[in-house]
*Asks:* 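My questions all concern the structure below.
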Amino acid sequence: MTAYPLRLLAFDGAFNLPIWIGQSRGVFAAHGLAVSLAYTPNSRFLVQALMNGEADIGLCGFDNIAAYQLGQGEAELPEPPDLRAFMGGDGGFLALVARPEIASLQALAGCTLSVDALTTGFAFVLRDMLAQAGLGGEHVRIVSAGGTAARYQQLLAGAHDATLLRVPYERLAASRGFRILAQAGPLIGPYIGTVGAARQRWLAAHAPQAQAFMRAYREAIDWLHVPAHRAEACDVLMARHEGLDAAAAGCVLDDLLASDGGLQRDLSLDPARVRGVLAIRARHTALKDMPALSDLLAPVVPSK
């Protein structure tokens with residue numbers, strides 16, 4: 001039986017560990033999938049690739065899907081989007097990281113902060129965190145600078161004063177003397193970060209492949225939770241991220257496997273967490289009425 005060539009597009013980061021394990025250990029192949037993984041430079045590229053048929057599944061922040069379905073996305077699309085989140089992934093792993101001399105959120109007044117895109121992804125999480133510190137749009141300059149890996153490099157180069165980073169880049173930055181000002185999770189409440197997303201058209205035509213992907217992804221996460229596999233998992237993390245030593249890789253793995261905010265073992269799309277994303281978006285945009293969740297979600301239930 002020929003394996004189905006499934007094309008994934010994701011942001012660079014340690015949250016891809018289940019994909020790397022699924023590939024290297026043949027988990028996807030055992031479920032009839034030949035999975036390729038490419039990294040997107042930004043959310044605009046990812047959404048356009050899904051819509052143009054250049055990628056089958058995108059692993060991205062749920063807010064990206066919400067933004068485009070609500071007509072608030074930044075990229076031009078060839079037709080009205082039919083994007084749907086079909087599986088949950090994580091709580092976001094979001095940390096606000098700044099130059100070493102910046103000691104608090106309040107000290108960001110007058111600074112330049114970077115996000116992937118100004119109106120999608122985690123930009124409004126950043127604005128929410130700043131608002132809780134008494135800082136509005138008039139107090140800071142926020143610029144678009146691409147995905148986490150790009151923002152990390154730009155932070156190191158001094159292009160920006162602070163940015164939101166995702167695992168493991170916040171730890172890599174801290175190891176170079178940069179300061180983690182705050183973790184987003186405790187400040188923003190229920191929130192879903194990464195989701196698996198695809199066009200509704202693709203999901204309708206490829207339900208068996210979507211189910212197989214979820215089964216394999218879940219098996220890979222279960223494999224990571226086995227204590228005997230810890231050393232191998234840390235080796236994979238160190239191989240993928242230059243600068244991680246064994247101790248830091250262990251901390252990253254603990255972040256990924258945390259019961260609160262880590263990689264979701266059940267892959268569910270918790271309505272409370274989905275609504276948390278929409279509530280933050282509503283606070284910072286012209287969104288007046290909450291959309292029906294069926295306009296944003298297409299949960300896939302993998303068969304046993």
Side-chain angles (χ1 to χ4, degrees), residues 11 40 42-48 50-51 58 60-77 79-85 88-96 105 108-109 111-148 151 160 162-166 182 184-195 197 199-200 269-298:
F11 288 88
T40 182
N42 53 58
S43 57
R44 295 181 294 277
F45 182 95
L46 183 144
V47 169
Q48 288 174 324
L50 289 175
M51 290 298 300
C60 62
F62 172 69
D63 186 74
N64 288 312
I65 304 306
Y68 282 91
Q69 288 307 123
L70 295 170
Q72 297 179 328
E74 296 184 359
E76 292 187 8
L77 302 178
E79 58 185 302
D82 62 339
L83 301 170
R84 297 292 186 273
D90 58 53
F93 301 115
L94 294 164
L96 182 54
L105 289 173
L108 289 170
C111 290
T112 297
L113 288 70
S114 63
V115 293
D116 171 20
L118 296 178
T119 63
T120 63
F122 305 119
F124 297 129
V125 169
L126 175 60
R127 291 187 182 277
D128 233 49
M129 295 172 71
L130 294 173
Q132 293 184 47
L135 299 178
E138 70 277 16
H139 299 114
V140 297
R141 177 173 176 254
I142 299 179
V143 298
S144 175
T148 302
R151 297 199 309 278
H160 310 126
T163 190
L164 281 178
L165 294 180
R166 304 183 69 200
L187 298 178
I188 62 177
Y191 190 89
I192 192 165
T194 301
V195 296
R199 294 196 66 173
Q200 194 171 34
L269 291 163
D270 180 3
R273 297 172 69 190
V274 169
R275 292 191 179 97
V277 175
L278 296 175
I280 290 177
R281 170 161 286 276
R283 286 198 287 273
H284 299 281
T285 71
L287 180 63
K288 295 180 180 179
D289 299 317
M290 286 293 176
L293 295 190
S294 59
D295 293 336
L296 304 173
L297 310 179

*Asks:* Looking only at heavy atoms, what is the nearest atom pair of Ala133 and Leu105, with distance?
*Replies:*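 Heavy atoms only, the tightest pair is CB-CB, 3.6 Å.
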*Asks:* Less than 4.5 Å apart, any side-chain heavy atom of Val47 and any of Pro81?
*Replies:*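 They are not in side-chain contact.
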*Asks:* If the plane angle is over 60° it's perpendicular, under 30° parallel, otherwise tilted; pick one for Tyr191 and Phe122.
*Replies:*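 Rings of Tyr191 and Phe122: tilted, as their planes differ by 30° to 60°.
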*Asks:* Are there over 12 heavy-atom neighbours, none belonging to Arg283, within less than 6.0 Å of that residue's CZ?
*Replies:* yes
*Asks:* I'd like to check the ring-ring contact (aromatic ring centres under 6.0 Å, His included) partners of His139; sequence neighbours left out, ordered by chain and number.
*Replies:* none
*Asks:* Side-chain contact, heavy-atom cut-off 4.5 Å: Pro271 with Leu293?
*Replies:* yes
*Asks:* Check whether any side-chain heavy atom of Leu83 lies under 4.5 Å from a side-chain heavy atom of Arg199, and answer yes or no.
*Replies:*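 Heavy-atom side-chain distance check passes, below 4.5 Å.
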*Asks:* More than 12 heavy atoms of other residues, nucleotides or ligands under 6.0 Å from CD of Glu138: yes or no?
*Replies:*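 More than 12 heavy atoms, drawn from other residues, nucleotides or ligands, come within 6.0 Å of this atom.
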*Asks:* Please find the pair of heavy atoms, one from Arg44 and one from Asp116, that lie closest to each other, and give the distance.
*Replies:* NH1-O, 4.2 Å
*Asks:* Is a salt bridge present between Asp90 and Arg166, judged by a nitrogen-to-oxygen distance below 4.0 Å?
*Replies:* yes
*Asks:* Go through the steps to decide whether Thr119 and His284 satisfy the test side-chain contact (heavy atoms from CB on, under 4.5 Å), and finish with yes or no.
*Replies:* CA-CA 9 Å; Thr119 63; His284 299 281; over 6 Å; no
*Asks:* As a test of understanding, state which of Leu187, Leu108, Leu165, Val125 forms a side chain to side chain contact (heavy atoms under 4.5 Å, CB included) with Leu96.
*Replies:*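 The option that passes is Leu108.
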*Asks:* Using the side chain to side chain contact (heavy atoms under 4.5 Å, CB included) definition, which of the options Ile142, Val115, Val143, Leu113 pairs with His160?
*Replies:*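 Exactly one pass, corresponding to Val143.
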*Asks:* Does Phe62 have any ring-ring contact (aromatic ring centres under 6.0 Å, His included) partners at least two apart in sequence or in another chain, and if so, which?
*Replies:* none
